[in-house]
Asks: 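Sending over a structure as C-alpha cells; questions will come in a sec.
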Amino acid sequence: MASLKGETIQYKQRLMVVYGSKIKTIKISETAYFYADQKSVFIVEKNGSKYILDETLDQIQPTLDPRIFFRVNRAFIVGIDAIAQMHTYSRSRIKILLSPNCEKECISSTEKTADFRDWLGR
C-alpha cells in the first residue's frame, strides 16, 4: 500500500490464471517476474512455475507495487528479488539475469535504464 495525495493505493495481492480446466491463484509475493513473448504474457513464480495470463503488461503494471516490481522494457516487469545478476550492456543498458532463469533475454531499454538504476538504489 502506498499513499498518493492522501489517497491509499491498494496493489494486487494475487492474480488468477487458467491452465487447462484448472484455475489457480498466484500470490504476487510469490511472483518473480512477468514477460511477454509473441502475443502471450507469462507470470513466473519464484519456484519456477510459469503460467499464461489473460492480461497485458500494460494492464498488470499499474496494479503492482512499484517498490517491488519495475518495467525494464516493453517485454519485462521484474521483481527485485528475481534479479540474480546484472551486467553492463551496449549503449549504457543493463543485461539482467533472472532467477528463476528465463529463456528470453532481459535487457533494460535505453529509455528506462536511468530510472532502473535509480529504482535499484532505493
Side-chain angles (χ1 to χ4, degrees):
M1 244 192 299
S3 182
L4 181 68
K5 297 180 190 163
E7 296 176 31
T8 301
I9 300 169
Q10 186 71 37
Y11 297 109
K12 276 200 179 197
Q13 299 298 308
R14 59 193 161 275
L15 289 168
M16 186 177 70
V17 295
V18 178
Y19 61 105
S21 61
K22 298 178 182 172
I23 297 173
K24 175 180 171 124
T25 57
I26 298 175
K27 292 180 181 178
I28 297 297
S29 62
E30 295 300 316
T31 301
Y33 55 90
F34 302 83
Y35 73 97
D37 191 17
Q38 306 292 331
K39 297 205 181 266
S40 298
V41 172
F42 297 90
I43 181 173
V44 180
E45 290 183 289
K46 291 176 181 176
N47 67 12
S49 299
K50 178 170 79 170
Y51 303 95
I52 293 179
L53 287 173
D54 287 334
E55 300 169 82
T56 66
L57 291 180
D58 286 338
Q59 292 169 323
I60 295 165
Q61 184 180 356
T63 69
L64 301 172
D65 187 338
R67 293 171 298 178
I68 299 168
F69 291 94
F70 190 87
R71 179 92 178 253
V72 294
N73 59 33
R74 283 185 286 164
F76 277 90
I77 299 173
V78 298
I80 188 71
D81 294 338
I83 299 171
Q85 289 183 21
M86 293 178 283
H87 302 278
T88 55
Y89 200 74
S90 69
R91 298 196 332 256
S92 24
R93 295 178 297 163
I94 299 171
K95 181 174 182 176
I96 304 156
L97 300 178
L98 297 167
S99 176
N101 190 42
C102 185
E103 67 274 2
K104 191 171 163 77
E105 199 170 53
C106 182
I107 299 168
S108 65
S109 69
T110 306
E111 302 78 31
K112 302 261 185 168
T113 298
D115 289 339
F116 181 55
R117 287 177 189 266
D118 180 53
W119 177 77
L120 288 168
R122 280 190 223 152

Asks: Side-chain contact, heavy-atom cut-off 4.5 Å: Val72 with Lys112?
Replies: no

Asks: How close do Ala32 and Phe69 get, heavy atom to heavy atom, and via which atoms?
Replies: O-CE2, 4.0 Å

Asks: More than 12 heavy atoms of other residues, nucleotides or ligands under 6.0 Å from CD of Glu103: is that the case?
Replies: yes

Asks: If you define the side chain from C-beta out and look only at heavy atoms, does anything of Phe76 sit under 4.5 Å from Leu98?
Replies: yes

Asks: Could you state the interatomic distance from CD (Gln61) to CD (Glu55), rounded to the nearest 0.5 Å?
Replies: 12.5 Å

Asks: Would you give the length of the straight line joining atom CZ of Arg14 to atom OG1 of Thr25, rounded to the nearest 0.5 angstrom?
Replies: 6.5 Å

Asks: Closer than 3.5 angstrom, by distance alone: can the side chain of Asn73 be matched with the main-chain N or O of Ile107 as a donor-acceptor pair?
Replies: yes

Asks: Measure the CD1-CZ distance between Ile60 and Phe34 for me, rounded to the nearest 0.5 Å.
Replies: 5.5 Å

Asks: Can you tell if the side chain of Cys102 reaches within under 4.5 Å of the side chain of Phe42, non-hydrogen atoms only?
Replies: no

Asks: Linking I/L/V/M/F/W/Y whenever any side-chain heavy atoms sit under 4.5 Å apart, do Leu97 and Met86 land together?
Replies: no

Asks: Working to the nearest 0.5 angstrom, can you tell me the gap between Ile68 CD1 and Ile77 CD1?
Replies: 13.0 Å

Asks: Would you say CG of Asp37 has more than 12 non-hydrogen atoms from neighbouring residues, nucleotides or ligands within 6.0 angstrom?
Replies: yes

Asks: Ser92 and Thr113: which non-hydrogen atoms are nearest, and at how many Å?
Replies: O-CG2, 3.1 Å

Asks: What distance separates Arg67 CZ from Ile80 CD1, expressed to the nearest 0.5 Å?
Replies: 13.0 Å

Asks: Let me have the donor-acceptor pairs involving side chains of residues 115-122, under 3.5 Å, with sequence neighbours excluded, atom names and distances please.
Replies:
from	atom 1	to	atom 2	distance (Å)
Asp118	OD2	Arg122	NH2	3.4
Trp119	NE1	Pro66	O	2.7

Asks: Strictly distance-based, threshold 3.5 Å: is any side-chain N or O of Ser108 a donor or acceptor partner for the main-chain N or O of Ile94?
Replies: yes

Asks: Tell me whether Leu57 shares a hydrophobic cluster with Ile26, the cluster being built from Ile, Leu, Val, Met, Phe, Trp, Tyr side chains joined at under 4.5 Å.
Replies: yes

Asks: May I ask you to decide if Pro100's main-chain N or O and Tyr33's side chain share a donor-acceptor pair within less than 3.5 Å?
Replies: yes

Asks: Between Val17 and Leu53, is there a side-chain heavy-atom distance shorter than 4.5 Å?
Replies: yes

Asks: Starting at CG of Leu15, measure out to NZ of Lys24 and round the result to the nearest 0.5 Å.
Replies: 12.0 Å

Asks: Where is the tightest heavy-atom contact between Ile28 and Lys12, given as atom of each residue plus distance?
Replies: CG1-O, 3.4 Å

Asks: Could you go step by step and tell me if Glu30 and Ile43 meet the side chain to side chain contact (heavy atoms under 4.5 Å, CB included) rule?
Replies: CA-CA 10 Å; Glu30 295 300 316; Ile43 181 173; over 6 Å; no

Asks: Please answer whether the main-chain N or O of Ile83 pairs with a side-chain N or O of Gln85 as donor and acceptor at a distance below 3.5 Å.
Replies: no

Asks: Mark yes or no for whether Thr31, through its side chain, and Lys27, through its backbone, hold a donor-acceptor pair below 3.5 Å.
Replies: yes

Asks: Examine the side chains of Ser49 and Asn47 and answer whether a donor and an acceptor come within less than 3.5 Å of each other.
Replies: yes

